[in-house]
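Just so you know, ligand 1 is whichever comes first in the structure, and atom 1 is the first atom listed for that ligand.
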Amino acid sequence: MALIVQAYTFLQQYAVSWMEAVPKKNSGAIRLGVLSTAQINPAAAFHPAETHPDVILYAIASRDAASAQKTAKQYKFQKSYGSYQALLDDPEVDAVYVSTPNGMHYEWAHKALKAGKHVLLEKPFTSNGEEARKLVETAQQTGKVLEEAFHWQFHPAAHAWREIIDSGKYGPIIATDSRMTASPGVPHGDIRWQYDLAGGSFMDCTYALSFTRYALHAETPVKVLSAVARPYEKDERVDAGMHTTLLFKDKRGDIVQSRVYTDLARSWVSGFIPRAWEFPAIEVETDKAVIYFYNAMMPHLYHYISVTEKATGKTTVKKQYKGGPKWGDVETSGGKGGRPSWSTYRYQMEAFVDRIKGKEPACWVPNEDSIAQMESIDAVYEHSGLGKRPSRSLEE
Ligand SMILES: NC(=O)C1=CN([C@@H]2O[C@H](COP(=O)(O)OP(=O)(O)OC[C@H]3O[C@@H](n4cnc5c(N)ncnc54)[C@H](OP(=O)(O)O)[C@@H]3O)[C@@H](O)[C@H]2O)C=CC1
Ligand SMILES: O=C1OC[C@@H](O)[C@H](O)[C@H]1O
């Protein structure tokens, strides 16, 4: 029964978010350019931009002009380009969303900033910490907005969850345990399996580490206690799975032990049942309770935050699809506190536009946090023996 309720909620949320009306665009709306025709584009950028009165789907670029044209026609972009550089050379483009493979994030975000565009950059931010630092420096030099598209952190559920932890009501944090797995697994040939494109489970499933660091208000790990990679069968430089245990310093300065597990090819139950229910999640154990956030990655589809008190065994459940500690009092383009139908990506677009327009966004992923996230990823890869993900050469 629980599964039926979950499936219904999932479908309902999905359908409602796509039924959202397209508003009339305001004068001075941001002209958005998109670099690549990635499969994530409609959910992460097209739909959020369409439903925002201050964004216009202006131009799309692909390595292949025909693909760009086809997408432009389908989503009513005004222009299409057969190369990423051609889009960046268009002075009418105000901001770009970069959804190229991971290994190309640095190159194209860097070029976009240099071309005077604001940048919303897909996760993981870059291939490694060094690139992340250089990219943030470029944003500072150019004075343009640069934001990692770590969409889950913009959703009201993320804020409600952290508010419970931060309240101190359940005592200090003792340990965390998070995971993100793909089941059925990612098909061969996907960008996620390609070493040169900075693939790998710990890069793609970077959310699990992000949930952990967000819960703890942590920077980089104090220590990597263990990091064991399960190599991809076709390229042992790529991690199909990664099990790591880290020590972080939390907000209070206490040391917390955190397990993080990522997997792009999660084994099936008894070899024939994919673990479709295993959505990205994190358990935070405090002195007095166990706090669990189910589907922290895409809480707009379905989520719950449960708090089980150790002394009584009593469990309370919270859900937050709108408002909450950060959006609650904010007058958004969709009404006060956002809308229950808004996806993580739509909340993210709201904040991105606010920042470009000079308004203080309700929430934000600071660039320093994206650097710390990439340096934490480097530390895990180094400890595992695989070494941090390499940079591609950049044509200036
Ligand atoms: N925020 C989220 O929820 C999600 C984020 N992502 C992130 O978005 C990015 C794209 O992921 P995803 O949509 O799955 O990717 P896809 O494989 O669907 O698309 C990647 C796109 O990059 C372009 N590209 C440029 N060079 C290459 C190359 N050498 N090989 C393959 N593609 C290339 C292609 O566009 P073209 O041919 O038009 O140039 C391609 O369509 C990744 O960084 C991923 O981590 C992914 C899924 C969800
Ligand atoms: O960012 C992502 O979100 C959804 C996942 O399925 C995907 O692998 C990852 O790239």
Side-chain angles (χ1 to χ4, degrees), residues 33-48 59-72 74-75 77 80-87 96-109 120-127 131 147-155 179-211 240 262-266 274-276 278-280 295-301 343-349 352 365 370 373-374 377 389 392:
V34 177
L35 298 188
S36 103
T37 55
Q39 54 86 20
I40 189 58
N41 287 349
F46 299 172
H47 187 58
I60 174 118
S62 168
R63 295 165 302 167
D64 172 45
S67 301
Q69 265 171 22
K70 188 171 163 226
T71 307
Q74 185 178 357
Y75 291 96
F77 280 85
S80 69
Y81 290 104
S83 83
Y84 302 154
Q85 189 57 53
L87 185 147
V96 295
Y97 165 66
V98 179
S99 57
T100 59
N102 304 340
M104 298 165 69
H105 285 182
Y106 173 72
E107 175 180 2
W108 288 102
L120 180 62
L121 176 58
E122 259 312 334
K123 45 58 60 181
F125 198 52
T126 50
S127 299
E131 284 188 355
E147 179 67 338
E148 181 174 13
F150 235 146
H151 56 108
W152 79 275
Q153 291 184 43
F154 293 87
H155 195 272
R179 72 168 157 211
M180 175 167 168
T181 64
S183 177
V186 171
H188 299 299
D190 192 277
I191 55 168
R192 289 159 184 75
W193 292 124
Q194 297 186 40
Y195 181 72
D196 295 338
L197 298 178
S201 80
F202 212 65
M203 291 292 281
D204 185 59
C205 307
T206 173
Y207 297 89
L209 176 67
S210 165
F211 304 154
T262 59
D263 206 322
L264 288 179
R266 177 83 158 111
R275 298 172 202 258
E278 206 173 87
F279 283 2
N295 201 13
M297 178 176 79
M298 296 207 188
H300 55 280
L301 298 179
S343 66
T344 50
Y345 310 105
R346 181 58 180 81
Y347 279 105
Q348 173 178 267
M349 187 61 77
F352 184 59
V365 181
S370 297
Q373 174 80 359
M374 290 316 306
I377 291 174
R389 304 296 86 182
R392 286 157 64 96

Can you find a side-chain donor-acceptor pair between Ser99 and Ser36 that sits under 3.5 Å?
yes
Does the His105 side chain pair with the main chain of Leu121, one donor and one acceptor, at a distance under 3.5 Å?
no
For Ser62, the ligand 1 atoms whose distance to one of its heavy atoms is below 4.0 Å:
36 (P), 37 (O), 38 (O), 39 (O)
Which residue and non-hydrogen atom of the protein lie closest to atom 9 (C) of ligand 2, and at what distance in Å?
Asp204 OD1, 3.3 Å
Measuring from atom 47 (C) of ligand 1, which candidate in Arg192, Lys123, Met104, Glu122 has the nearest non-hydrogen atom?
Arg192
With atoms numbered from 1 as shown, which atoms in ligand 1 lie under 4.0 angstrom from a non-hydrogen atom of Tyr207?
1 (N), 2 (C), 3 (O)
Can you tell which of Arg63, Met203, Glu148 gets a heavy atom nearest to atom 26 (N) of ligand 1?
Arg63
Students should be able to answer this: which protein heavy-atom is nearest to atom 12 (P) of ligand 1, and at what distance?
Gln39 NE2, 3.4 Å
For ligand 1, indicate whether the residue His151 contacts it via side chain, backbone, both or neither (heavy-atom separation under 4.0 Å).
side chain
Ligand-residue contact atoms, ligand 1 with Ser36, heavy atoms, under 4.0 Å
21 (C), 22 (O), 23 (C), 35 (O), 38 (O)
Numbering the atoms of ligand 1 from 1, which are under 4.0 Å from a heavy atom of His105?
43 (O)
Please determine if Ile40 has a nitrogen or oxygen closer than 3.5 Å to a nitrogen or oxygen of ligand 1.
yes
For Lys123, is there an ion pair with Asp204 - N to carboxylate O distance below 4.0 angstrom?
yes
Looking only at protein heavy atoms, what sits closest to atom 9 (C) of ligand 1 is Thr100 O, 3.5 Å
Run the numbers on Asn295 and Leu301 for side chain to side chain contact (heavy atoms under 4.5 Å, CB included), then give the verdict.
CA-CA 8 Å; Asn295 201 13; Leu301 298 179; 4.2 Å; yes
Tell me: protein heavy atom nearest atom 3 (O) of ligand 2, and distance?
Tyr207 OH, 3.4 Å
Which residue and non-hydrogen atom of the protein lie closest to atom 20 (C) of ligand 1, and at what distance in Å?
Ala38 CB, 3.7 Å
Just checking Phe46 against Phe77, ring centres under 6.0 Å apart?
yes
Is the shortest distance from a heavy atom of Tyr84 to ligand 1 less than 4.0 Å?
yes
Against heavy atoms of Tyr345, which atoms of ligand 1 measure under 4.0 Å?
1 (N), 2 (C), 3 (O)
With heavy atoms of Lys123 as the reference, note each atom of ligand 2 found under 4.0 Å away.
1 (O), 2 (C), 9 (C), 10 (O)
Could you tell me which atoms of ligand 1, counted from 1 in the order shown, lie closer than 4.0 angstrom to a heavy atom of Asn102?
42 (C), 43 (O), 44 (C), 45 (O)
Check whether any heavy atom of Pro101 sits under 4.0 Å from an atom of ligand 1.
yes
Could an N or O of ligand 1 be found under 3.5 Å from any N or O of Ser67, whether backbone or side chain?
no
Please round to the nearest 0.5 Å and tell me the distance separating atom CG of Asn41 and atom OG of Ser62.
10.0 Å
Pair Gln153-Ser210, side-chain donor/acceptor within less than 3.5 Å
yes
Mode of Ile191 contact toward ligand 1 - side chain, backbone, both, neither (heavy atoms, under 4.0 Å)
side chain
Aromatic centroids of Phe150 and Tyr207 separated by under 6.0 Å
yes
Do Glu278 and Thr181 pair up side chain to side chain, a donor and an acceptor below 3.5 Å, judged on atom types alone?
yes
Shortest protein contact, atom 35 (O) of ligand 1 (heavy atom only):
Thr37 N, 3.4 Å
Please work out which of the three classes, parallel, tilted or perpendicular, describes the rings of His155 and Tyr347, given edges at 30° and 60°.
perpendicular
Shortest non-hydrogen contact from Gly103 to Ser127?
CA-OG, 3.5 Å
Can you report which non-hydrogen protein atom sits closest to atom 5 (C) of ligand 2, along with the distance?
Met180 CE, 3.9 Å
Would you sort out whether Tyr97 and Glu122 count as a side chain to side chain contact (heavy atoms under 4.5 Å, CB included), showing the intermediate values?
CA-CA 8 Å; Tyr97 165 66; Glu122 259 312 334; 2.7 Å; yes
